[in-house]
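From a predicted model like this one, the values you see are computed outputs, not experimental measurements. By convention in this document, chain letters (A, B, ...) are assigned in the order of the sequence lines, proteins followed by strands, and residues within each chain are numbered from 1.
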There are 2 protein chains.
Amino acid sequence: MSNEGGNAVANDARAQEKASIPDIVIGRLPVYLRTLRLLADDGREVTSSQELGEHLGISSAQIRKDLSHFGEFGKQGTGYNIEFLCRQLQKILNVDRIWPVILVGAGSLGTAIANYQEFDSSGFRIVAVLDEDPQKIGKPIGHGLRIEEFANLGKSVAGSGAQIAVMAVPAHAAQRVANELVEAGLNSILCYAPITLSVPSHVRVEYIDPVVHFQHMTYYLN
Amino acid sequence: MSNEGGNAVANDARAQEKASIPDIVIGRLPVYLRTLRLLADDGREVTSSQELGEHLGISSAQIRKDLSHFGEFGKQGTGYNIEFLCRQLQKILNVDRIWPVILVGAGSLGTAIANYQEFDSSGFRIVAVLDEDPQKIGKPIGHGLRIEEFANLGKSVAGSGAQIAVMAVPAHAAQRVANELVEAGLNSILCYAPITLSVPSHVRVEYIDPVVHFQHMTYYLN
DNA sequence: TAAGTTTAGTGAATTATTTCGCAACCGGCT
DNA sequence: AGCCGGTTGCGAAATAATTCACTAAACTTA
Ligand SMILES: NC(=O)c1ccc[n+]([C@@H]2O[C@H](COP(=O)([O-])OP(=O)(O)OC[C@H]3O[C@@H](n4cnc5c(N)ncnc54)[C@H](O)[C@@H]3O)[C@@H](O)[C@H]2O)c1
Ligand SMILES: NC(=O)c1ccc[n+]([C@@H]2O[C@H](COP(=O)([O-])OP(=O)(O)OC[C@H]3O[C@@H](n4cnc5c(N)ncnc54)[C@H](O)[C@@H]3O)[C@@H](O)[C@H]2O)c1
């Protein structure tokens with residue numbers, strides 16, 4: 001159908017299907033969004049499922065099918081308006097707002113994360129950096145933050161309304177820290193420690209472990 | 001699916017089916033391995049698909065089915081010998097050896113990566129850290145390394161036999177760097193830049209982008 | 001205007017992945 | 001030895017995900 005007008009009803013209806021949209025589809029949307037942003041930065045105004053697919057190494061049909069879960073965002077014969085599709089994806093992913101994030105662990109990796117510009121420009125604002133090392137408490141980190149003691153967790157969560165935490169603590173401390181994060185009311189954890197966490201089912205955990213990627217790669221090598 | 005033919009000639013026959021084992025299965029093996037290692041560190045000697053599955057939040061059937069692609073590693077009524085299964089998985093994943101790795105980008109993240117102990121203890125040895133910033137060349141980084149100029153890439157690859165690179169460079173430089181890595185003969189790239197790279201089909205790229213994870217999470221939040 | 005080209009959206013077909021269910025087996029116990 | 005609880009490996013069934021293939025629409029060109 002059309003772009004800017006006329007699909008509000010379709011969207012609402014589809015929004016209710018939220019629970020039934022495959023998680024694997026959701027997982028691709030951020031990648032689409034990232035790619036669209038790059039195209040927009042390049043000054044491009046429209047793109048097609050085919051062009052996107054070539055960029056990403058996936059089929060155009062998959063992109064169209066994925067998007068079709070949420071509404072009709074393109075125009076036959078033309079493709080997708082990039083700005084419009086970005087906005088729609090942001091709305092779908094709930095990234096049309098600022099999300100406060102708590103960072104735990106101010107070591108080597110934690111410092112890199114705290115400095116990482118891209119979080120802020122994607123709407124993820126690190127509002128507190130917590131560590132348990134007394135030597136580090138009070139030291140400045142990131143952009144205008146200071147390392148706080150981990151015991152401040154409750155106050156930081158309450159004060160910011162954060163639901164999301166990033167864990168950059170050693171593996172041996174990770175489960176304990178996760179327990180406290182859950183206790184403090186957080187429901188989404190991005191874990192850099194090479195360990196699988198045990199959390200209640202209302203808490204979502206995602207993992208980043210470069211060794212897993214390496215080992216996946218070496219399977220195909222000799 | 002994968003198992004054509006009978007299963008009489010177990011291991012050798014299965015090894016040849018390598019190309020046909022689903023990539024998604026391969027992707028889980030490192031996680032199994034990581035978990036088994038933790039159990040081993042705990043002093044445990046045997047485990048079962050059920051226990052592993054509970055740890056990882058997946059079904060025991062999936063674990064058994066995944067492993068069955070490669071051979072028979074367990075014992076009915078008992079389960080799996082942890083040390084034995086670790087060794088088998090290491091062999092399958094080709095991590096029963098040392099893999100030299102080239103790191104490109106000695107910024108905030110690159111420094112954290114260079115310091116990261118886990119790589120070495122998993123058999124991934126960073127043999128060179130390259131950067132293009134003249135100010136950084138020659139500075140020590142990681143354990144006994146010095147930052148080298150990016151132009152040294154060819155020499156580093158040749159000297160180490162590295163096939164794997166980690167990219168921790170800004171997004172705007174990433175495609176250019178990737179081209180050079182491919183040119184230099186590398187065939188596996190772990191990319192931290194938030195961008196999808198275009199590479200020849202013989203090169204495997206995996207991506208780590210925390211923003212993608214955050215955005216995946218926020219879909220489920222309000 | 002009309003013909004030709006491009007592309008979205010989508011039901012149907014295909015392919016991939018996960019789960020089920022059970023025979024075979026192991027080890028311990030009586 | 002024979003039984004029993006526990007567990008694997010795996011074919012078959014059930015689900016899930018992707019791709020195909022086609023219709024309708026929108027633009028382009030003459
Ligand atoms: N450095 C990397 O490149 C890298 C890459 C991937 C994953 N990781 C993982 O990320 C985690 C952090 O790595 P790192 O290199 O920054 O380690 P690090 O030792 O430099 O930093 C860990 C920090 O966590 C703090 N900490 C420890 N226990 C804590 C607790 N209970 N509560 C709060 N803070 C606590 C320590 O004081 C320290 O500041 C590790 O699990 C590591 O495996 C690191
Ligand atoms: N810091 C983080 O936590 C984090 C997390 C995830 C992803 N990333 C991504 O990782 C990358 C690096 O992040 P960072 O925070 O370390 O940035 P940074 O700016 O601190 O470091 C980038 C380094 O790359 C070097 N570089 C630039 N162009 C180069 C080239 N052509 N060849 C060789 N070296 C070159 C720079 O000199 C610099 O040392 C970025 O793409 C970033 O988006 C960072």
Side-chain angles (χ1 to χ4, degrees), chain A residues 1-7 10-11 13-14 17 19-29 31-32 36 44-82 84-85 88-89, chain B residues 1-11 13-14 17 19-29 31-32 36 44-82 84-85 88-89:
Chain A
M1 255 228 238
S2 63
N3 271 354
E4 330 255 328
N7 44 13
N11 279 353
R14 284 188 236 240
E17 293 170 29
S20 72
I21 295 172
D23 185 67
I24 196 168
V25 171
I26 308 304
R28 282 189 294 260
L29 300 185
V31 180
Y32 298 166
L36 289 165
R44 299 287 309 281
E45 303 216 326
V46 297
T47 186
S48 65
S49 60
Q50 184 153 54
E51 184 186 40
L52 270 178
E54 277 164 18
H55 242 278
L56 295 171
I58 64 184
S59 79
S60 61
Q62 177 154 85
I63 292 172
R64 294 198 302 276
K65 177 72 93 181
D66 284 354
L67 296 177
S68 77
H69 285 100
F70 304 97
E72 305 188 354
F73 306 124
K75 224 184 249 187
Q76 283 102 327
T78 306
Y80 301 92
N81 176 288
I82 292 174
F84 175 74
L85 186 51
Q88 297 305 308
L89 287 174
Chain B
M1 250 195 280
S2 48
N3 263 341
E4 58 186 68
N7 42 9
V9 209
N11 278 353
R14 282 191 242 238
E17 290 173 33
S20 72
I21 295 171
D23 185 66
I24 198 169
V25 171
I26 308 304
R28 282 190 293 261
L29 301 185
V31 180
Y32 298 167
L36 289 164
R44 300 286 309 282
E45 303 215 327
V46 297
T47 187
S48 64
S49 59
Q50 184 154 55
E51 184 185 40
L52 270 179
E54 277 163 18
H55 242 278
L56 296 172
I58 63 182
S59 78
S60 61
Q62 177 154 87
I63 293 172
R64 293 199 301 278
K65 176 70 92 182
D66 283 353
L67 296 177
S68 78
H69 285 99
F70 305 97
E72 306 188 357
F73 306 124
K75 219 183 252 186
Q76 282 101 328
T78 307
Y80 301 92
N81 176 287
I82 292 174
F84 175 73
L85 186 50
Q88 298 305 309
L89 287 174

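- Closest to the side chain of A/E72, from the set C/dC26, C/dT18, C/dT10, is C/dT10.
- Closest approach to the B/I24 side chain among C/dT10, C/dT18, D/dG9 is made by C/dT18 (side chain taken as heavy atoms from C-beta onward).
- More than 12 heavy atoms of other residues, nucleotides or ligands sit less than 6.0 Å from atom CD of B/Q62.
- With D/dA17, D/dA21, D/dG9 as the candidates, the nucleotide lying closest to the side chain of B/S68 is D/dG9.
- Across all their heavy atoms, A/R64 and A/S49 have their closest contact at NH1-OG, 3.1 Å.
- The side chain of A/Y80 lies closest to C/dA8 when the candidates are C/dT10, C/dA8, C/dC26.
- The distance from atom CG of B/L56 to atom C1' of C/dT18 is 16 Å, rounded to the nearest whole Å.
- Rounded to whole angstrom, the span from the CZ atom of B/F84 across to the C1' atom of D/dT8 amounts to 14 Å.
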- Message: Checking A/F70 against A/I21 for the side-chain contact (heavy atoms from CB on, under 4.5 Å) test, could you report, in this order, the C-alpha distance in whole Å, the side-chain angles of both residues, the deciding distance, and whether it holds?
- Response: CA-CA 9 Å; A/F70 304 97; A/I21 295 172; 3.2 Å; yes
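- Remark: the A/K75 side chain and the C/dG9 base include no donor-acceptor N/O pair separated by less than 3.5 Å.
- Nucleotide C/dT10 holds its P atom 11 Å from the CZ atom of A/F73, rounded to whole Å.
- A/L36 places none of its side-chain heavy atoms less than 4.5 Å from the side chain of A/Y80.
- Checked against C/dC26, C/dT10, C/dA8, the side chain of A/S49 finds its nearest nucleotide in C/dA8.
- Atom-to-atom, CD1 of B/I82 to P of D/dT7 comes out at 13 Å; the value is rounded to the nearest Å.
- Put simply, CG on B/N81 is 15 Å from C1' on C/dC26, counting in whole angstrom units.
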- Message: A/I58 vs A/L52, test: side-chain contact (heavy atoms from CB on, under 4.5 Å). Steps then yes/no.
- Response: CA-CA 8 Å; A/I58 64 184; A/L52 270 178; over 6 Å; no
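- Between A/H69 atom NE2 and C/dT10 atom P the separation is 10 Å, expressed in whole Å.
- If you check D/dC27, C/dT10, D/dG6 against the side chain of B/Q76, the one that comes closest is D/dG6.
- Closest to the side chain of A/R28, out of D/dG9, D/dT18, D/dT7, is D/dT18.
- The CD1 atom of A/I63 sits 16 Å away from the C1' atom of C/dT10 (whole-angstrom rounding).
- Residue B/T78 is the one, among A/A61 and B/T78, whose nearest nucleotide of DNA chain D lies closer to the 5' end (criterion: closest heavy atom).
- Using a 4.0 Å heavy-atom distance criterion, A/I58 is classed as making no nucleic acid contact.
- Comparing atom distances between the B/K65 side chain and each of D/dA26, D/dT18, D/dA12 picks out D/dA12 as nearest.
- Atom-to-atom, CD of A/Q62 to P of C/dA8 comes out at 15 Å; the value is rounded to the nearest Å.
- Each of D/dC10, D/dT19, C/dT10 was ranked by its minimum atom distance to the side chain of A/S59; first place goes to D/dT19.
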